[in-house]
Amino acid sequence: MPVFAVVGGQWGDEGKGKVIDLLAGKAQVVVRAQGGDNAGHTIVNSQGKFALHLVPAGIFNPATLCVIGPGVALNPTALVAELDELHARGVQTGNLRISERAHLILPYHMLLDRLEEERRGNGGLGTTGRGVGPSYVDKVSRRGIRAGDLLNRDHFRARVAQAAEHLAPVLGTAGLTLSVDDICDEYLAIADRLRGQIVEVSTSIQEAIDQGQTILIEGAQGSLLDLDHGTYPYVTSSSPTVAGLCLGAGIGPRHLTQALGVFKAYSTRVGTGPMPTESNDAIGTFLREVGHEYGTTTGRPRRCGWFDAVVGRHSAIVNGLDAIVLTRLDILDNLDELKICVAYELDGQRIQHMPASSEDLDRCTPIYETLSGWTRPVAHVREWDQLPNEAQAYVKRLESLMRVPITYIGIGESREDMIVLNAEVA
Ligand code: IMP
């Protein structure tokens, strides 16, 4: 009964979509566990190129049960827009189920997200503005409204009215008011459409586990954006690490058989917060342009730089990774030399760990090791032995620094552009 969890190893956008799509083809159940429509998975398969924000990647296989799990922050308007887009392109979505426990993102969460960012001014977090943080805040303060609440009209209306009353003073200072009627009209119309799909999901997942089916728990964002283990406070408001995925999917950790971390062959980050290897010179521009490093959800240019193995090791530890998927190796094809950050210098000391304080991390100077580039294309390669020696040396060095085996190497956009090494995934 293989149960896989796939997490982003860095700051998100590692190419999880492709790995998840690859594994989803082998899974009977795919569960999205956390985050909201702040995420963006790009998937390229035989049906075309898709940007998924909420819908699990298993959706392309009509036999796969796809679950939006209890830990997701769900914007139903964004979900139906995504479903409409999929239908328009011939993808059926009848196999989607939504946990009645998933907390909703309501229009006022998006307003609050924007207001809070404005209030932070230059110290803003660079959120995606999708209301994800404020929805999780309501969840923790036990004021949240959940997908299951949509199924009872009176109940839903009462909860929205309570929220409007609670928020009136805050929104009032910004000259904003909420219309309970408008929110109810919009959300209850969507509820009618999703009615058969908002259900209790734990029993179906447990049955799949009991029957030995393959289950994939898909993560969104990346480990360095984790509330507990990331570059706090420059993080998202959920737990995109392996333990968070188990919690958000409602799958007990003892069922997990493999924790896979996806890492890009270099570093990128959107939004603000420390990123020690960020490059504002030629290499940063090279990576952004050759790698088309612009956000899937917001279109923002991503900050780019060399691979940071200190961050990588931290991520391997807090996730307890079994294996690593290294993506986008082909982007590094035309470089004469490559650098890997192997340690930091902070206050004259060499350190091997990632400081918890974002202020300290900001002050860290990367210590680099330089390797030779391979200066020829690798996109056609399917076997490890065909990879140029320099590319092999680069991959092996990353593996030894993170102390986790690299079992897949991505060398192109589509599902097939992957070198598979000793992977246990059947
Ligand atoms: P929020 O999740 O919209 O609250 O944004 C918090 C931080 O997480 C910001 O720096 C965002 O840019 C970042 N973030 C959120 N979702 C993603 C993602 O899917 N990929 C990369 N960064 C993300």
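Please read these numbers as outputs of a predicted model, since none were measured by experiment. Atoms within a ligand are numbered from 1 in the order they appear, just like the ligands themselves.
Looking at ligand 1, you won't find any N or O of Thr272 less than 3.5 Å from one of its N or O atoms. Between Thr128 and ligand 1, an N or O atom pair is found at a separation short of 3.5 Å. In terms of polar-atom proximity, defined here as any N/O pair under 3.5 Å, Asn38 does make such a contact with ligand 1.
With contacts defined as side-chain heavy-atom distances shorter than 4.5 Å, the pair Glu218/Val31 does not qualify.
Between Arg193 and Asp84 there is a salt bridge, since at least one side-chain N of the basic residue sits less than 4.0 Å from a carboxylate O of the acidic one. Salt bridge absent: Arg269 and Glu278 never bring a charged side-chain N and a carboxylate O closer than 4.0 Å.
Within the 4.0 Å heavy-atom criterion, neither part of Asp113 lies near ligand 1. When heavy-atom distances to ligand 1 are checked against a 4.0 Å cut-off, Arg300 comes that close only through its side chain, counted from C-beta outward. Heavy atoms of Trp11 found under 4.0 angstrom from ligand 1 belong exclusively to the backbone.
Short contacts between ligand 1 and Gly271, defined as distances under 4.0 Å to a heavy atom of the residue, involve ligand atoms 10 (O), 12 (O). In summary, the atoms of ligand 1 found under 4.0 Å from a heavy atom of Val270, numbered by their order in the structure, are 10 (O), 12 (O), 21 (C), 22 (N). Close contacts between ligand 1 and Gln221 involve ligand atoms 15 (C), 16 (N), 17 (C), 18 (C), 19 (O) [criterion: under 4.0 Å to a heavy atom]. Near Asp13, with a cut-off below 4.0 Å to any heavy atom, the atoms of ligand 1 are 20 (N), 21 (C). Residue-ligand proximity, Leu125 to ligand 1, at heavy-atom distances under 4.0 Å covers atoms 9 (C), 10 (O). Heavy-atom proximity to Leu225, at under 4.0 Å, picks out these atoms of ligand 1: 8 (O), 13 (C), 14 (N), 22 (N), 23 (C).
Shortest contact from atom 6 (C) of ligand 1 to any protein heavy atom: Val235 O, 3.4 Å. In terms of protein heavy-atom proximity, atom 5 (O) of ligand 1 is closest to Thr127 CA, 3.3 Å. Protein heavy atom closest to atom 2 (O) of ligand 1, with residue, atom name and distance, is Thr236 OG1, 2.6 Å.
Summarising the geometry, atom CD1 belonging to Ile198 is positioned 5.0 Å from atom CG belonging to Leu151; distances are rounded to the nearest 0.5 Å. In this structure, CG on Asp192 lies 15.0 Å from OH on Tyr187, to the nearest 0.5 angstrom.
Under the rule for a salt bridge (charged side-chain N to carboxylate O under 4.0 Å, His left out), the partners of Glu293 that lie at least two apart in sequence or sit in another chain are Lys264, Arg302, Arg328. Partners of Phe60 by ring-ring contact (aromatic ring centres under 6.0 Å, His included), not counting sequence neighbours, listed by chain and number: Phe50.
Under 3.5 Å, the side chains of Asp308 and Ser267 contain no donor-acceptor pair of N or O atoms. The closest side-chain donor-acceptor pair between Ser279 and Asp281 falls under 3.5 angstrom.
Under the salt bridge (charged side-chain N to carboxylate O under 4.0 Å, His left out) test applied with Arg114, the options Glu116, Glu118, Glu117 reduce to a single match, Glu118.
Heavy-atom proximity to atom 11 (C) of ligand 1, evaluated over Pro233, Gly36, Gly126, is greatest for Gly126.
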